[in-house]
Amino acid sequence: MINITFPDGNQKSFEAGVSAIDIAKSISHKLAKEVLSASLDGQTIEPGAPINQSGNIKLFTWNDKEGKQAFWHSSAHVLAQTILALYPKTKLTIGPPIDNGFYYDVDLGEETIHEADFPKLEQKFMELARQKAEFKMRSSKKADALSYYKEKQNPYKVELIENLEDGTITFCDHSDFTDLCRGGHIANTGAIKAVKITAAAGAYWRGNENNPQLTRIYGITFPKQTLLEEYLHFLEEAKKRDHRKLGKELELFTFSQKVGQGLPLWLPKGAMLRERLENFLKTAQKKAGYLPVISPHIGNKDLYVCSGHYEKYGKDSFQPITTPHEGEEFLLKPMNCPHHCEIYKSSPRSYKDLPLRLAEFGTVYRYEQSGELHGLTRVRGFTQDDAHLFCTNDQVKDEFKDVIDLVLYIFKTLDFKEYTAQISLRDPEDKTKYIGEDENWEKAEKAIIEAAEEKGLNTVIEYGEAAFYGPKLDFMVKDALGRSWQLGTIQVDYNLPERFELEYVGADNQKHRPVMIHRAPFGSMERFVAVLLEHCEGKFPLWLVHNQVMILPVSDKYNDEAQKLLKLLNYYDIRALVDERSEKVGRKIRDAELQKVPYMVILGEKEISSGKISVRRQGQGDLGNFDVDAFAKLVTEEIEKELN
RNA sequence: GCCGAUGUAGCUCAGUGGUAGAGCACUUCCUUGGUAAGGAAGAGGUCACGGGUUCAAAUCCCGUCAUUGGCUCCA
């Protein structure tokens with residue numbers, strides 16, 4: 001007999017050899033049917049495999065991340081089986097579960113899979129899944145595993161196995177299909193009730209662009225048909241929140257082939273939106289002791305050679321502009337920091353001047369690869385809400401913490417509740433990608449980790465994600481489709497002050513080197529607006545929205561009164577417009593609702609004679625009658641609340 | 001840059017080799033109304049661009065450009 005302990009602390013005895021599913025059955029048949037995966041003492045186990053030792057069990061269903069992962073991992077096996085059945089010459093590589101489904105990377109040789117082939121794949125997939133084949137793990141000797149794949153002429157699997165220790169190599173069989181696999185399946189393929197092949201894409205073997213390109217087939221499966229329908233519905237809804245669609249509808253920005261790829265054109269409404277965001281941050285920065293600076297759009301190449309950016313990113317910049325007579329080379333400014341370093345150097349600095357916080361909405365240009373461009377989130381010309389804080393060693397942590405507060409204030413004001421605070425450190429395997437002394441890196445990394453900890457941030461650490469000159473704290477926010485984008489960033493840098501020989505005179509009358517903090521709470525105005533649009537679905541908070549109030553005269557007769565009201569609202573600093581079209585009021589309401597105007601004011605005979613306006617809130621309907629100043633107060637108070 | 005997809009009116013899209021289409025938006029006229037679409041008429045396109053096949057191309061083929069889903073990259 002063995003003792004099994006459940007997460008709630010309860011214990012039960014079972015005969016040795018019992019499976020996780022049997023254990024679930026002992027609780028309820030419903031649970032047994034729903035269990036997808038299990039773990040014993042934290043180790044993932046196959047749900048149908050015999051358990052021969054006592055331990056702590058956890059049972060996972062579709063509602064658990066672990067359950068979904070096992071489900072999609074198993075589905076990847078079936079996908080591989082499907083592809084092999086339809087394209088027998090395929091060489092399999094890897095096929096992991098991801099956040100939304102799974103993929104399998106395959107070498108199809110001469111064949112290609114097109115979107116038109118997806119229905120065929122889906123049909124075969126379900127045919128195979130319905131066989132209810134059990135997933136069974138078995139171990140293999142390294143030599144046997146190698147010869148198996150050598151015989152199949154599959155260099156990818158051979159490479160994978162060569163990197164594994166003998167004695168740890170396992171395969172998973174189901175039906176007539178077998179694959180190298182470390183485990184973590186559902187019991188059998190029968191639980192898969194619905195599949196959607198979502199995309200075919202190229203992907204490099206082991207993520208290295210010098211390696212052969214494989215075909216990656218993406219799919220998603222569900223234990224119920226209705227869940228697939230819900231997922232497809234979610235994708236439809238996400239499309240409505242796409243910033244590219246909303247940007248067009250709300251007339252915020254556009255692109256022109258003539259102007260160039262990745263070079264956004266801000267339309268008046270978009271430019272005014274940006275202005276409000278910038279002013280919001282400028283006000284906050286003024287309070288926090290920042291000083292504005294302005295630097296030009298081009299800079300001498302030597303400036304970036306000095307900073308090290310040219311060596312590292314020269315190929316990712318636009319090519320230098322050469323002056324006709326002197327032959328001097330200039331780059332379109334790819335970042336603002338070297339300029340700000342030179343501003344620092346414009347005058348001798350004392351420790352009394354520090355921290356010196358230089359801020360600029362600096363527009364920069366980067367030659368991003370064409371395949372990378374994406375709406376406003378990845379462009380070739382964009383404006384950073386940049387600032388560089390020059391401080392002493394002792395001031396780094398406090399300055400860093402203040403910047404965290406600023407980022408969190410912005411996120412709170414704009415209702416970004418879900419974000420990831422990512423600490424990006426050096427790649428411990430390859431320090432050659434970075435400049436500077438180990439000692440400085442350690443100081444910088446320690447400062448970030450401590451500051452984030454003292455601010456109580458829930459952080460994840462990513463190795464190898466640091467900038468080449470220093471570690472950083474990045475704030476990542478997801479778009480409508482769940483893709484993660486870096487918005488705010490804070491970076492500690494001991495290296496550029498060194499390279500630019502920045503100095504200050506300390507209380508000891510000796511020269512010292514300052515530390516630099518790079519920070520951009522929005523990140524780039526373009527990307528920030530994009531993610532903001534997707535978050536609020538185009539329904540901007542009142543303080544940001546272009547048109548706060550739409551005045552709707554009941555008929556043309558009241559247009560003059562409407563204009564008077566408009567002036568009055570403007571006097572209260574409220575942005576409003578009058579809908580003077582000869583349309584019925586129902587139509588005007590509908591259009592204002594669709595334009596996502598937060599407040600509507602209806603003006604007709606009743607309002608004029610009573611002196612009270614009739615107010616509607618977007619998405620809510622009629623709010624009743626108000627005196628104009630009471631309404632103005634309502635609006636201004638709502639704005640104040642949003643900004644505090 | 002690489003692999004796949006897409007490109008028709010301002011927007012969303014239909015149109016599989018034989019005269020370029022719809023809805024919304026726009027313009028004009030009628031209508032002057034009470035809380036999510038009043039009516040009529042009109043205007044609007046070198047079917048992304050360049051070549052080819054054909055008696056005939058939006059449609060088939062090749063190339064280019066742009067957009068797009070991924071991969072790689074991201075100061």
Side-chain angles (χ1 to χ4, degrees), chain A residues 98 103 105 108 112-118 198-218 242 244-245 248-249 251 254-258 260-262 304 307-317 333-338 364 366-375 377-378 384 386 435 465-470 472 474 481 483 485-486 489 491 493 496 518 520 524 527 552-559 581-594 600-607 614-619 621-624:
Chain A
I98 50 176
Y103 65 78
D105 280 352
L108 292 166
T112 44
I113 293 181
H114 303 273
E115 230 170 271
D117 303 319
F118 292 179
T198 47
Y204 302 106
W205 168 238
R206 304 208 127 187
N208 184 331
E209 62 181 324
N210 300 315
N211 284 342
Q213 188 160 45
L214 308 167
T215 303
R216 176 170 296 179
I217 305 294
Y218 285 89
D242 189 318
R244 293 164 297 192
K245 181 180 155 70
K248 205 178 260 179
E249 282 172 8
E251 297 171 38
T254 188
F255 288 89
S256 149
Q257 207 166 317
K258 261 192 180 140
Q261 273 190 295
Y304 311 108
S307 69
H309 286 97
Y310 190 76
E311 194 195 341
K312 190 86 187 163
Y313 295 109
K315 62 182 185 317
D316 301 317
S317 299
K333 177 168 70 175
M335 81 291 302
N336 302 299
C337 29
V364 296
R366 297 176 183 178
Y367 182 79
E368 302 285 358
Q369 297 185 81
S370 61
E372 252 325 312
L373 300 172
H374 176 94
T377 49
R378 195 78 187 265
Q384 295 178 314
D386 215 354
I435 59 168
E465 293 295 312
F468 76 93
Y469 50 74
K472 47 185 189 158
D474 292 329
L481 279 171
R483 290 173 296 208
W485 295 97
Q486 177 201 311
T489 180
Q491 314 173 354
D493 182 2
L496 289 192
H518 307 237
S524 103
R527 180 178 292 177
L552 311 175
V554 172
S555 85
D556 291 355
K557 280 188 279 188
Y558 311 109
N559 283 356
R581 295 174 304 164
S582 300
E583 293 291 348
K584 291 187 175 180
V585 72
R587 175 56 182 270
K588 292 183 183 179
I589 288 169
R590 177 184 158 80
D591 289 345
E593 287 279 348
L594 292 177
M600 282 150 267
V601 168
I602 291 156
L603 199 65
E605 192 52 49
K606 270 192 284 185
E607 288 73 18
S614 175
V615 178
R616 270 184 74 96
R617 174 86 214 203
Q618 202 265 350
D622 202 347
L623 297 186

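The shown structure was predicted, so the numbers you read here are calculated from the model rather than taken from an experiment. Order of the sequence lines fixes the chain letters, A, B, ..., with proteins taken first and strands second; residue numbering starts at 1 for each chain.
To the nearest angstrom, P of B/G4 lies 11 Å from CD1 of A/Ile217. Rounded to an integer number of Å, the gap from A/Asp556 CG to B/G33 P is 10 Å. Atom C1' of nucleotide B/G1 and atom CD of A/Gln213 are separated by 10 Å, given to the nearest angstrom. Spacing between atom CD1 of A/Ile113 and atom P of B/G70 amounts to 18 Å, rounded to whole angstrom units. With rounding to whole Å, A/His374 atom NE2 is found 9 Å from B/U68 atom C1'.
When each of A/Gly621 and A/Glu115 is assigned the nucleotide of RNA chain B bearing its nearest heavy atom, the one mapping closer to the 5' terminus is A/Glu115. Between A/Gly619 and A/Gln491, the one whose closest nucleotide on RNA chain B sits nearer the 5' end is A/Gly619.
Using a cutoff of 4.0 Å between basic side-chain nitrogens and carboxylate oxygens, A/Lys557 and A/Glu605 are not scored as salt-bridged. Under a 4.0 Å N-O distance rule, the pair A/Asp622/A/Arg617 does not qualify as a salt bridge.
Within 4.0 Å of A/Tyr218, counting heavy atoms only, lie sugar-phosphate atoms of the nucleic acid but no base atom. Residue A/Ala203 is classed as a sugar-phosphate contact, given heavy-atom separations below 4.0 Å to backbone atoms only. Using a 4.0 Å heavy-atom cutoff across all strands shown, A/Lys588 reaches no nucleic acid atom at all. When heavy atoms are screened at a 4.0 angstrom cut-off, A/Ser582 is found touching base atoms of the nucleic acid. A/Lys472 comes within contact range of the sugar-phosphate backbone alone, with a heavy-atom separation under 4.0 Å but no base atom that close. Residue A/Glu583 is in base contact, counting any heavy-atom pair closer than 4.0 Å across all strands shown. A/Ser307 comes within 4.0 angstrom of nothing in the nucleic acid, heavy atoms only. Residue contacts for A/Arg617: at a heavy-atom cut-off of 4.0 Å it reaches no nucleic acid atom on any strand shown. Nucleic acid contact class of A/Lys312 (heavy atoms, under 4.0 Å, all strands): none. Backbone-only engagement by A/Val585 is indicated by non-hydrogen atom pairs under 4.0 Å involving sugar-phosphate atoms exclusively. Contacts of A/Gly604 with the nucleic acid, taken as non-hydrogen atoms under 4.0 Å apart, include base atoms. Within 4.0 Å (heavy atoms only), A/Gly371 reaches at least one base atom of the nucleic acid. Residue contacts shown for A/Glu607 include a base, since a base heavy atom lies under 4.0 Å away. Residue A/Ala467 is in sugar-phosphate contact alone, with no base atom involved, counting any heavy-atom pair closer than 4.0 Å across all strands shown.
With C1' as the reference atom, B/A25 and B/C11 are 7 Å apart, rounded to whole Å. Taking atom C1' in both B/U19 and B/G15, one finds a spacing of 14 Å when rounded to whole Å. Rounded to a whole angstrom, the distance from the P atom of B/C49 to that of B/G7 is 13 Å. Using atom P as the reference point in both B/G17 and B/C30, the two lie 48 Å apart (nearest Å). Using C1' as the reference atom, B/U64 and B/G21 are 29 Å apart when rounded to the nearest Å. Rounded to whole Å, the separation between the P atoms of B/C55 and B/A43 comes to 37 Å. The gap from the C1' atom of B/A56 to that of B/C60 amounts to 13 Å, rounded to the nearest Å. With both ends at atom P, the span from B/G63 to B/A5 equals 13 Å, rounded to whole Å.
Pairing for B/G23 is with B/C11, a Watson-Crick or G-U wobble pair whose two hydrogen-bonding atom distances lie under 3.5 Å. Across every strand in view, B/G4 sits in a pair with B/U68 that passes the Watson-Crick or G-U test at under 3.5 angstrom. Nucleotide B/A43 has no partner under the Watson-Crick or G-U criteria, as no pair reaches both atom distances under 3.5 Å. Checking B/G18 for Watson-Crick or G-U wobble geometry (two distances, each under 3.5 Å) identifies B/C55 as its partner.
Of all heavy-atom pairs between A/Phe118 and A/Ala199, the closest is CZ-C, 3.7 Å.
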Apply side-chain hydrogen bond (donor to acceptor under 3.5 Å, both in side chains) to the pair A/Asp386 and A/His518, showing each step before the final yes or no. CA-CA 7 Å; A/Asp386 215 354; A/His518 307 237; 5.8 Å; no
Candidate pair A/Glu607 and A/Tyr558, rule side-chain hydrogen bond (donor to acceptor under 3.5 Å, both in side chains), full reasoning: CA-CA 10 Å; A/Glu607 288 73 18; A/Tyr558 311 109; over 6 Å; no
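For A/Arg206 against B/C71, no side-chain N or O and base N or O form a donor-acceptor pair under 3.5 Å. Side-chain N/O atoms of A/Arg378 and base N/O atoms of B/C74 include a donor-acceptor pair closer than 3.5 Å. On a pure distance criterion of 3.5 Å, a polar donor-acceptor pair joins the side chain of A/Tyr204 and the base of B/G1.
One finds no side-chain N or O of A/Arg216 lying less than 4.0 angstrom from the OP1 or OP2 phosphate oxygen of B/G69. Of the side-chain N and O atoms in A/Lys245, none sit less than 4.0 angstrom from OP1 or OP2 of B/U12. Close to B/A5, at under 4.0 Å from its OP1 or OP2, lies a side-chain N or O of A/His114.
Residues A/Asp105 and A/Trp205 are not in side-chain contact: their nearest non-hydrogen atoms beyond the backbone lie 4.5 Å or more apart. Contact check for A/Arg616 versus A/Ile589: side-chain heavy atoms found under the 4.5 Å cut-off. Side-chain atoms of A/Arg366 and A/Ser317, non-hydrogen and from C-beta on, never get closer than 4.5 Å to each other. A/His374 is not listed as a side-chain neighbour of A/Arg527, based on a closest heavy-atom distance of 4.5 Å or more. Using a 4.5 Å cut-off on side-chain heavy atoms (C-beta onward), A/Lys584 and A/Ser555 make no contact. Residues A/Phe468 and A/His309 form a side-chain contact, since some pair of their non-hydrogen atoms from C-beta on lies under 4.5 Å apart.
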Show each protein N/O and nucleotides 60-67 of chain B N/O combination with a separation under 3.5 Å, one pair to a line.
| from | atom 1 | to | atom 2 | distance (Å) |
| --- | --- | --- | --- | --- |
| B/C65 | O2' | A/Gln257 | NE2 | 2.7 |
| B/A66 | OP1 | A/Gln261 | OE1 | 3.1 |
| B/U67 | OP2 | A/Gln261 | NE2 | 2.7 |

Look for any protein N or O under 3.5 Å of an N or O in nucleotides 24-28 of chain B and output each such pair with its distance, or none.
| from | atom 1 | to | atom 2 | distance (Å) |
| --- | --- | --- | --- | --- |
| B/A25 | OP1 | A/Arg587 | NH2 | 2.2 |

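A/Lys248 places no side-chain N or O within donor-acceptor distance of the main-chain N or O of A/Thr254, the cut-off being under 3.5 Å.
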